[in-house]
There are 2 protein chains.
Amino acid sequence: MADHYELPHFGGKLMSAQVSALLMKEIKQGIFANSEKLPSEVELAERLGVSRTVIRDALSDIEREGFIERVRGIGTVICRDIVNLTNRFDLKLEYNELIENSGYRPHSDSIRLRLEYADEKTAELLCVDEGSRLIVCEKRVLAGQTPCIYSIDYLPYELFGKVDYTDLDWSQPVFDLLDKYCGLIITTSISKVSATNADEFIRSKLNVQPKQALILLDEVGYCKLSRPVMRSLEFYTDFFDFTMLRKKF
Amino acid sequence: MADHYELPHFGGKLMSAQVSALLMKEIKQGIFANSEKLPSEVELAERLGVSRTVIRDALSDIEREGFIERVRGIGTVICRDIVNLTNRFDLKLEYNELIENSGYRPHSDSIRLRLEYADEKTAELLCVDEGSRLIVCEKRVLAGQTPCIYSIDYLPYELFGKVDYTDLDWSQPVFDLLDKYCGLIITTSISKVSATNADEFIRSKLNVQPKQALILLDEVGYCKLSRPVMRSLEFYTDFFDFTMLRKKF
DNA sequence: AAGTGGTCTAGACCACTTC
DNA sequence: AAGTGGTCTAGACCACTTG
């Protein structure tokens, strides 16, 4: 192990976040890439010149995502199998990120944009009145040349205020449009996973073989303060590994 | 809100865990059941007679599972939509728990027990030699009278030491057998989710309709210290809601 | 200005594992 | 006995939201 760590200075702000980013980098491809354990909390605190609390906060963040495990009397163990996972479905909310992480260029086509009136279920999920206007955006998403997702997004019309939604470029990720034009950032989603063979239209768009089933995600995306802003139905082919971590705390 | 909280004494141990359990109880069905927010950290600390650190540790645990959100300058907001979810697939590792939470009695039948020799992939996942012996247990799982899961478990033969695996009651949850006879508790699993139509044998066991697809979970269960102990293939019908939380931290 | 959560310090003791 | 992570205290200051 190296004798000294470099800790960038940002005016003393967010120190534990910097520490956890630094440690993750070293775990993935740095000086701890071949280690089974991290140095002790006291040692890390001394080397980085911060208090043990800062180290513990940083380690807690890393532990929450499953990359390390802390054992009393033993130390901080690196969970190499989990560090090595490339795409964690439970940590990424946006399929474009998943596609990019897999080494492909994400883009979309076959866009169909329309207004609909909220049915009972969607209205309840999005906390809007039944019958209120929804922007509906259907599209096909491709990784490079391979179609891999068909998605249908439902957004309350009122979110966009004075912006004319028909002027926007809906081939962009909806997350980006929400951010840019509504100032809304989706941080959480409740996802219901099921399996389906889907209808002929969607199957043909995705070029799936006769025997191949699809994963259907019925999601509601939330911003800060538990505010629901979007419902999505997403049909996934088997192009991706849908890997997730399940953990008892 | 009440003027006083009761905090049980257990010799001063694990105080933050007690606090988080207490708070979760009050959020779900107690004095915060109709609240949008929790009292401030300082107030909670005073009322419970502990330091603010203890409160913050407790709140961190609750936040990690998605039930609250902490916002600077505002307070600790309760995510009611998430509290109200009955079955969280990302927090439970064991289908028997999910079945019980849904209000059904879990049991299994059609048990087929055998020895196999590890293929390359399973050997790698379980960190055993290719060709080494595996106990394989196939069974059908029912919720009450309804078949809902077909599962195939692969366990290294060596785990059971001198215990003759054919003497055990494999209709019990495998988690319980591992605990009782091997002293192993599975705390984490890496799950690969896919959709499948499965073969005729499994479809007939699960009584699925011709058009119905199944969810397939390919899981590796880990004990403490990242030790892999079991691989499972589990075929799920649509009997359950497979709800999970996806979150950016 | 007041109140909230977020961060950080310095120090203490406990529980567990290993030697 | 020594070293590890887990818990807890008391106090301080910062960043953000609200009035």
Side-chain angles (χ1 to χ4, degrees), chain A residues 1 7-23 35-64 67-79 183 185 187 223-227 249, chain B residues 1 7-23 35-64 67-79 183 185 187 223-227 249:
Chain A
M1 205 182 89
L7 179 64
H9 277 286
F10 291 103
K13 296 170 194 171
L14 291 174
M15 229 178 300
S16 72
Q18 293 168 47
V19 171
S20 64
L22 171 67
L23 291 177
S35 312
E36 284 189 358
K37 287 176 24 178
L38 291 180
S40 77
E41 296 180 350
V42 173
E43 186 181 338
L44 285 170
E46 283 169 2
R47 297 215 185 185
L48 293 172
V50 294
S51 72
R52 191 178 157 209
T53 307
V54 177
I55 299 296
R56 282 189 60 75
D57 283 353
L59 293 178
S60 292
D61 287 342
I62 297 174
E63 185 186 34
R64 180 179 50 195
F67 299 123
I68 58 170
E69 197 174 341
R70 296 140 99 185
V71 190
R72 216 188 279 223
I74 295 183
T76 304
V77 179
I78 298 173
C79 303
I185 297 174
T187 57
C223 295
K224 293 246 162 186
L225 300 176
S226 301
R227 193 169 150 207
F249 288 102
Chain B
M1 205 182 89
L7 180 64
H9 277 287
F10 291 101
K13 296 171 194 169
L14 291 174
M15 228 179 297
S16 72
Q18 293 168 50
V19 171
S20 65
L22 170 67
L23 291 176
S35 311
E36 284 189 356
K37 286 178 22 180
L38 291 180
S40 77
E41 297 179 350
V42 175
E43 187 182 336
L44 285 171
E46 283 169 1
R47 296 215 186 185
L48 293 172
V50 295
S51 73
R52 193 180 155 208
T53 308
V54 177
I55 299 297
R56 282 188 60 75
D57 284 352
L59 292 178
S60 292
D61 288 342
I62 298 174
E63 186 187 33
R64 180 179 49 195
F67 299 123
I68 59 171
E69 196 172 342
R70 295 141 100 184
V71 191
R72 218 189 279 225
I74 293 183
T76 305
V77 179
I78 298 173
C79 303
I185 297 174
T187 58
C223 295
K224 292 249 164 184
L225 299 177
S226 302
R227 192 168 150 208
F249 289 101

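First the proteins, then the strands, lettered A, B, ... as listed; each starts at 1. All values reported here derive from a predicted model rather than from experimental measurement.
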[X] has an atom [atom1]; how far is it from atom [atom2] of [N], in whole Å?
X        : N      : atom1 : atom2 : answer
B/Arg70  : C/dG3  : CZ    : P     : 21 Å
B/Arg72  : C/dC8  : CZ    : P     : 10 Å
B/Ile55  : D/dC8  : CD1   : C1'   : 12 Å
A/Lys224 : C/dG5  : NZ    : C1'   : 11 Å
B/Glu46  : D/dG11 : CD    : P     : 12 Å
B/Glu43  : C/dG5  : CD    : C1'   : 14 Å
A/Ile68  : D/dG6  : CD1   : C1'   : 14 Å

Rounded to the nearest 0.5 Å, how far apart are CG of B/Leu44 and CG of B/Leu38?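 Going from the CG atom of B/Leu44 to the CG atom of B/Leu38 covers 6.5 Å.
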Qualifying residues under side-chain hydrogen bond (donor to acceptor under 3.5 Å, both in side chains), relative to A/Glu41, sequence neighbours excluded: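 With neighbours one apart ignored, the set is A/Arg52, A/Arg56.
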For B/Ser60, which residues count as a side-chain hydrogen bond (donor to acceptor under 3.5 Å, both in side chains) partner, sequence neighbours excluded?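 By the side-chain hydrogen bond (donor to acceptor under 3.5 Å, both in side chains) rule, B/Ser60 matches B/Arg70.
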How would you list, by chain and number, every residue that makes a side-chain contact (heavy atoms from CB on, under 4.5 Å) with A/Thr187, sequence neighbours excluded?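 Partners of A/Thr187 under the side-chain contact (heavy atoms from CB on, under 4.5 Å) test: A/Ile185.
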If you look at every heavy atom in B/Ile78 and B/Ser35, which pair is closest and at what distance?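 Nearest pair, atom of B/Ile78 first, then B/Ser35: CD1-O, 3.5 Å.
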Would you mind telling me which of [options] lies closest to the side-chain atoms of [X]?
X       : options                : result
A/Glu41 : C/dC8, D/dG5, C/dT18   : D/dG5
A/Arg56 : C/dC16, D/dT7, D/dC8   : D/dT7
A/Ile74 : C/dT18, D/dC14, D/dA12 : C/dT18
A/Thr53 : C/dC8, C/dT9, D/dT9    : C/dT9
B/Val54 : C/dG5, C/dC8, D/dT9    : D/dT9
A/Thr76 : C/dT9, C/dG6, D/dG5    : D/dG5

Can you tell me if B/Lys37 uses its side chain to pair, donor with acceptor, with the backbone of B/Ile74 under 3.5 Å?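 Yes: the side chain of B/Lys37 pairs with the backbone of B/Ile74.
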Select from A/Val71 and A/Asp57 the residue whose nearest nucleotide in DNA chain C is closer to the 5' end of that strand.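 Comparing both residues, the 5'-ward one is A/Asp57.
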Could I get the full list of salt bridge (charged side-chain N to carboxylate O under 4.0 Å, His left out) partners for B/Asp57, not counting sequence neighbours?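 For B/Asp57, no residue satisfies salt bridge (charged side-chain N to carboxylate O under 4.0 Å, His left out) once neighbours in sequence are set aside.
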Base, sugar-phosphate or nothing for A/Ser40? Non-hydrogen atoms, less than 4.0 Å.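 Touches sugar-phosphate only.
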Paired and unpaired positions of DNA chain C as dot-bracket, Watson-Crick or G-U wobble under 3.5 Å, | denoting a partner strand: ||||||||||||||||||.
Establish whether the base of D/dG6 is bridged to the side chain of A/Arg52 by a donor-acceptor pair shorter than 3.5 Å.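 Looking at the base of D/dG6, it does pair with a donor or acceptor on the side chain of A/Arg52 (distance under 3.5 Å).
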